[in-house]
Amino acid sequence: NLKGQAFPDGFLWGGAVAAHQLEGGFDQGGKGLSTADVMTIGANDIPRKVTDGIDPNEFYPNHNAIDFYHRYPEDIKLFAEMGFKAFRTSIAWTRIFPNGDDEQPNESGLKFYDDLFDECLKYNIQPVITLSHFEMPYHLVQKYGGWRSRKVIDFFVKFATVVFKRYQHKVKYWMTFNEINNQTDFESSHALFTDSGILPKSNEENEKLMYQAAHYELVASAMAVKIGHEINHDFQIGCMIAMTPIYPLTSKPEDVLFAQRAMQTRFWFADVHANGFYPQWLLNHFKEQKFNLDITETDLRYLREGKVDYIGFSYYMSFTVKDTGKLEYNESYDRVKNPYVKASEWGWQVDPVGLRYALNWFNDRYHLPQFIVENGLGAIDKKTVDNQIHDEYRISYMNNHIREMKKAVLEDGVNLIGYTPWGCIDLVAASTGQMSKRYGMIYVDENDDGTGSLNRYRKDSFYWFQDVIKHNGSEI
Ligand code: P53
């Protein structure tokens with residue numbers, strides 16, 4: 001029983017968001033069009049469309065999102081009231097380099113983040129910054145084909161260098177690419193687009209596209225880590241991995257072996273980030289598939305020299321697989337239902353114990369500090385006539401996850417920096433573009449079609465989390 005025991009001093013309790021999912025102001029302050037700006041709204045089983053530029057007959061939920069661009073002082077004040085020590089957001093690349101290949105950065109975009117970070121620091125809230133969170137300049141997609149192109153490495157590194165220099169006294173914790181390993185699901189409708197700005201053509205092989213793009217991103221990430229450390233030795237620059245442990249359905253050896261290969265396939269990205277080299281099974285796979293990827297000796301040197309300082313990861317759910325008679329894991333087809341866990345309304349398998357498993361798995365594999373930079377339950381909330389939101393399902397989800405995380409830290413000895421649950425304020429969902437798939441502890445009065453007052457309300461989970469932070473987790 002760990003009740004009464006607190007988390008280590010300085011533990012970073014907070015919340016997480018991403019620029020395109022809450023800022024809005026998509027064409028303000030000189031911002032360029034991003035990949036997130038050309039995605040329409042979808043629903044649970046209706047994929048979002050990606051349009052070539054803006055179609056006036058479509059609705060793009062990210063254009064105005066929850067208008068954080070104008071309302072951030074009010075929102076950060078609410079975060080401070082909850083007791084946040086950290087606030088994870090991303091920098092919209094298109095605010096800094098509207099086209100991605102511009103000569104000079106856009107001063108008004110740089111100024112926006114200066115003001116935003118100052119506002120956080122005013123309340124002793126540390127900004128935790130992702131450089132690329134599911135968006136890139138749309139111009140880089142049109143002109144260079146997104147991360148298909150090696151040229152994009154230079155554009156990204158230039159962007160990273162500019163913001164590292166500019167915010168070196170305001171930001172200590174950074175991450176390079178959000179959920180870089182989501183594109184493992186290379187046949188899904190959007191993983192390649194949101195991670196890499198790639199819309200595969202019919203004559204292209206998605207798997208090869210994915211490995212090439214991921215390689216360029218990993219090189220860009222390593223270069224950024226190296227440059228970042230030169231700019232400020234105190235920087236902590238991490239990767240960001242979507243951690244979904246993959247279990248074998250049974251103890252049948254073939255199930256277990258397949259689950260292991262599935263984990264290797266989904267998490268080799270973290271191997272490269274943290275170890276600085278490719279695992280041999282994957283190099284063998286490239287050879288066997290005759291991918292002939294563009295991987296140079298210089299690239300490999302960068303990977304060795306730009307290893308990450310910590311493992312940042314999201315945790316929402318676990319996956320399960322069973323033997324398919326082959327060892328190659330295909331995420332789009334090979335997942336099965338786990339009979340021991342329940343799923344959310346969006347089909348995400350809720351599994352708090354899997355979080356403790358994940359923390360131990362990462363710890364054994366990399367021996368690095370970890371940072372849970374996303375966790376949470378997407379659910380439909382009801383606001384009562386007197387503006388209350390009784391989201392006990394969310395409280396119970398977070399409570400159960402924090403309890404497992406606490407065992408990992410206090411009993412298993414995992415070095416965990418902090419916990420920033422996802423969408424601490426309601427925002428536009430990444431997968432569906434909906435407002436109604438809510439994660440927040442702060443309710444935003446906005447509907448899927450963008451209508452609503454945009455007023456903010458404290459949910460029951462707001463007061464609950466405020467209490468968790470106040471006691472540094474000792475009551476859980
Ligand atoms: P939404 C898939 C699986 C796990 C996490 O997701 C994922 C995704 C992609 O949707 O994304 C992360 O909003 C991501 C956030 C996102 C959040 O999880 O689709 O880093 O941008 O909003 C929740 O319910």
Side-chain angles (χ1 to χ4, degrees), residues 15-23 34-36 39-48 50 61-62 65-66 68 88-92 128-136 175-196 238-246 266-267 269 311-319 331-332 335 343-351 354-355 358 371-381 394 397-398 401 420-441 444 446 448:
V17 300
H20 66 101
Q21 290 174 262
L22 90 166
E23 283 179 5
S34 84
T35 47
M39 293 183 79
T40 66
I41 185 150
N44 213 348
D45 291 310
I46 308 170
R48 305 179 71 174
V50 176
N62 300 71
I66 63 161
F68 182 77
R88 172 180 178 237
T89 187
S90 61
I91 295 179
V128 173
I129 300 303
T130 318
L131 292 172
S132 176
H133 190 129
F134 288 178
E135 62 179 330
M136 69 189 297
M175 275 163 274
T176 51
F177 292 93
N178 184 65
E179 294 191 335
I180 189 171
N181 62 323
N182 257 5
Q183 50 197 330
T184 301
D185 196 0
F186 51 79
E187 289 187 29
S188 75
S189 50
H190 292 128
L192 270 171
F193 188 66
T194 50
D195 267 342
S196 301
C239 54
M240 198 315 202
I241 302 290
M243 172 37 93
T244 54
I246 307 176
R266 194 167 165 84
F267 301 110
F269 304 78
I311 306 286
F313 71 92
S314 66
Y315 182 83
Y316 293 92
M317 57 185 153
S318 58
F319 294 167
E331 192 144 280
S332 300
R335 287 158 50 190
S344 80
E345 286 175 76
W346 275 264
W348 293 22
Q349 298 192 140
V350 176
D351 174 15
L355 177 56
F371 199 158
I372 300 172
V373 295
E374 288 184 28
N375 171 238
L377 178 69
I380 291 171
D381 289 338
R394 182 168 296 108
Y397 178 102
M398 288 171 68
H401 283 78
T420 54
W422 176 250
C424 45
I425 182 165
D426 290 344
L427 39 62
V428 176
S431 51
T432 61
Q434 294 166 304
M435 274 305 298
S436 53
K437 188 182 186 188
R438 297 173 184 274
Y439 288 85
M441 294 167 280
V444 177
E446 185 176 356
D448 284 343

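Note that the coordinates shown come from a computational prediction; the quantities given were computed from them, not determined experimentally. Computed from heavy atoms alone, side chains included, the values below leave out hydrogens, waters and symmetry copies. Every number for a ligand or one of its atoms is a count from 1 in the order of the listing. All residue numbers refer to positions in the sequence shown, counting from 1.
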Less than 3.5 Å apart, N/O on ligand 1 and N/O on the protein: could you list those pairs with the distances?
residue: ligand 1; atom: 11 (O); partner: Glu179; partner atom: OE1; Å: 2.9
residue: ligand 1; atom: 13 (O); partner: Ala430; partner atom: N; Å: 2.7
residue: ligand 1; atom: 18 (O); partner: Tyr316; partner atom: OH; Å: 3.2
residue: ligand 1; atom: 18 (O); partner: Glu374; partner atom: OE1; Å: 3.1
residue: ligand 1; atom: 19 (O); partner: Ser431; partner atom: N; Å: 2.8
residue: ligand 1; atom: 19 (O); partner: Ser431; partner atom: OG; Å: 2.4
residue: ligand 1; atom: 20 (O); partner: His133; partner atom: NE2; Å: 3.4
residue: ligand 1; atom: 20 (O); partner: Asn178; partner atom: ND2; Å: 2.9
residue: ligand 1; atom: 20 (O); partner: Glu179; partner atom: OE1; Å: 3.4
residue: ligand 1; atom: 20 (O); partner: Glu374; partner atom: OE1; Å: 3.1
residue: ligand 1; atom: 20 (O); partner: Glu374; partner atom: OE2; Å: 2.7
residue: ligand 1; atom: 21 (O); partner: Gln21; partner atom: OE1; Å: 2.7
residue: ligand 1; atom: 21 (O); partner: His133; partner atom: NE2; Å: 2.8
residue: ligand 1; atom: 22 (O); partner: Gln21; partner atom: NE2; Å: 2.9
residue: ligand 1; atom: 22 (O); partner: Trp422; partner atom: NE1; Å: 3.2
residue: ligand 1; atom: 24 (O); partner: Lys437; partner atom: NZ; Å: 2.7
residue: ligand 1; atom: 24 (O); partner: Tyr439; partner atom: OH; Å: 2.5

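Residues Thr194 and Met39 have side chains in contact (heavy-atom distance under 4.5 Å, counting atoms from C-beta outward). The closest side-chain heavy-atom distance from Ile66 to Asp426 is not below 4.5 Å.
Classification of the Tyr439-Trp422 ring pair by plane angle, with boundaries at 30° and 60°, yields perpendicular.
A donor-acceptor contact under 3.5 angstrom links the side chains of Glu374 and Tyr316, judged on distance only.
In this structure, Lys437 forms a cation-pi arrangement with Trp348, its terminal cationic atom sitting closer than 6.0 Å to the ring centre and no more than 45° off the ring axis.
One finds a salt bridge joining Asp381 and Arg394 here, because a Lys/Arg side-chain nitrogen approaches an Asp/Glu carboxylate oxygen to under 4.0 Å.
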